[in-house]
Amino acid sequence: YARVDVLHSSRHVRVELAGHLLAESRRPRLLFETGLPTRHYLPKQDVRMELLEASPTRTRCPYKGEASYWSLRLGDTLIPDIAWSYREPIPECPKIADLVCFFDEKVDTTVDGELRPRPITDWS
């Protein structure tokens with residue numbers, strides 16, 4: 001049995017890759033899901049959306065709904081499916097609607113000034 005909880009937070013979250021700032025927010029929503037690392041869902045206004053390109057990838061989660069993915073464009077390099085969002089999550093999980101979440105497995109995430117280790121999951 002999996003459980004999903006979402007909490008509003010004022011923690012300072014920075015997301016970077018290869019020296020590029022991808023997002024910075026003091027208003028993340030923290031998603032806690034059984035068996036997975038805490039995920040930081042960020043408002044699009046706090047994400048450098050100009051660096052992201054919509055991906056054709058879609059997945060479905062029974063606890064959240066259908067996810068759409070974003071790829072990261074850094075110069076000539078495209079890093080596929082580095083982030084995702086739920087445009088219309090299922091009614092039981094409305095707090096993450098239209099927010100962006102990066103794979104902590106693929107980026108450098110700093111929370112309140114502390115670099116978090118990259119988790120080892122199926123998405124590593």
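Along the sequence shown, residues carry numbers from 1. In this text the structure is predicted, and so the values were computed from the model without any measurement.
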State which residue, out of Arg48, Arg11, Arg14, fulfils the salt bridge (Lys or Arg N to Asp or Glu O under 4.0 Å) condition with Glu24. Arg14
Check this for me, if you would: do Asp108 and Arg118 make a salt bridge, where the nitrogen-to-carboxylate-oxygen distance has to be below 4.0 angstrom? yes
Check the hydrophobic clustering (I, L, V, M, F, W, Y; side-chain heavy atoms under 4.5 Å; chains of links allowed) and say if Val47 and Ile82 are grouped together. yes
Between Cys93 and Val6, what is the shortest heavy-atom contact and its length? SG-CG2, 4.3 Å
Glu66 and Arg60: salt bridge (charged side-chain N to carboxylate O under 4.0 Å, His left out), yes or no, with the steps? CA-CA 4 Å; Glu66 183 180 273; Arg60 182 165 259 329; 5.1 Å; no
Is there a path of hydrophobic side-chain contacts, each under 4.5 Å between heavy atoms of I, L, V, M, F, W or Y residues, that connects Leu7 with Tyr63? no
Side-chain contact test, heavy atoms from C-beta onward, threshold under 4.5 Å: evaluate it for Val4 versus Glu33 and give yes or no. yes
Val15 vs Leu42 side-chain heavy atoms within contact, under 4.5 Å: yes
Any heavy-atom pair between the side chains of Asp98 and Lys44 that's under 4.5 Å? yes
If I compare all heavy atoms of Arg116 with all of Asp104, which pair ends up nearest, and what's the gap? NH2-OD2, 3.9 Å
Does a sphere of radius 6.0 Å around CD in Glu50 hold more than 12 heavy atoms from other residues, nucleotides or ligands, not counting ones at 6.0 Å or beyond? yes
Indicate, with yes or no, if Trp123 and Tyr41 share a hydrophobic cluster defined by side-chain heavy-atom contacts under 4.5 Å among Ile, Leu, Val, Met, Phe, Trp and Tyr. yes
Ignoring hydrogens, what is the shortest heavy-atom contact between Asp81 and Ser55? Give both atom names and the distance. OD1-OG, 2.6 Å
Are Phe102 and Trp70, when compared by the centres of their aromatic rings, separated by less than 6.0 Å? no
With a 4.5 Å heavy-atom cut-off, do Tyr86 and Cys61 have their side chains touching? yes
Please tell me if the side chains of Leu52 and Leu72 come closer than 4.5 Å, counting only heavy atoms from C-beta onward. yes
Do Leu31 and Cys101 have side-chain heavy atoms sitting under 4.5 Å apart? no
Would you sort out whether Leu51 and Arg73 count as a side chain to side chain contact (heavy atoms under 4.5 Å, CB included), showing the intermediate values? CA-CA 5 Å; Leu51 298 176; Arg73 171 76 63 189; 5.9 Å; no
Tell me whether Ser25 contacts the main-chain N or O of Arg27 through its side chain, where contact means a donor paired with an acceptor under 3.5 Å. yes
Quick one: list whatever passes side chain to side chain donor-acceptor pair (under 3.5 Å) with Lys95, sequence neighbours left out. none
Does any non-hydrogen side-chain atom of Thr57 lie less than 4.5 Å from one of Trp84? no
OG1-OH distance between Thr59 and Tyr69, expressed to the nearest 0.5 angstrom: 3.0 Å
Is it the case that atom CD in Glu53 sees more than 12 heavy atoms from other parts of the structure closer than 6.0 Å? yes
So, for Ser68 and Arg58, which heavy atoms are closest and what is the spacing to 0.1 Å? OG-NE, 3.5 Å
Path from Met49 to Leu22 over hydrophobic side-chain contacts below 4.5 Å: yes
Taking Asp112 for its side chain and His12 for its backbone only, find out whether a donor-acceptor pair lies under 3.5 Å. yes
Find the distance between CG (Leu17) and CG (Leu74) and round it off to the nearest 0.5 Å. 6.0 Å
Should Glu105 and Arg39 count as an ion pair when the cut-off is N to O under 4.0 Å? yes
Keeping Ser9 on the side-chain end and Arg29 on the backbone end, is there a donor-acceptor pair under 3.5 Å? no
Indicate if Leu30 and Leu99 have the same hydrophobic cluster label, given that clusters are the connected sets of ILVMFWY residues with side-chain heavy-atom separations under 4.5 angstrom. no
Just so I know, are the side chains of Asp46 and Val13 near enough to count as touching, which here means a heavy-atom distance under 4.5 Å? no
Between Pro80 and Ser71 the two heavy atoms that sit nearest each other are CA-OG, 3.2 Å
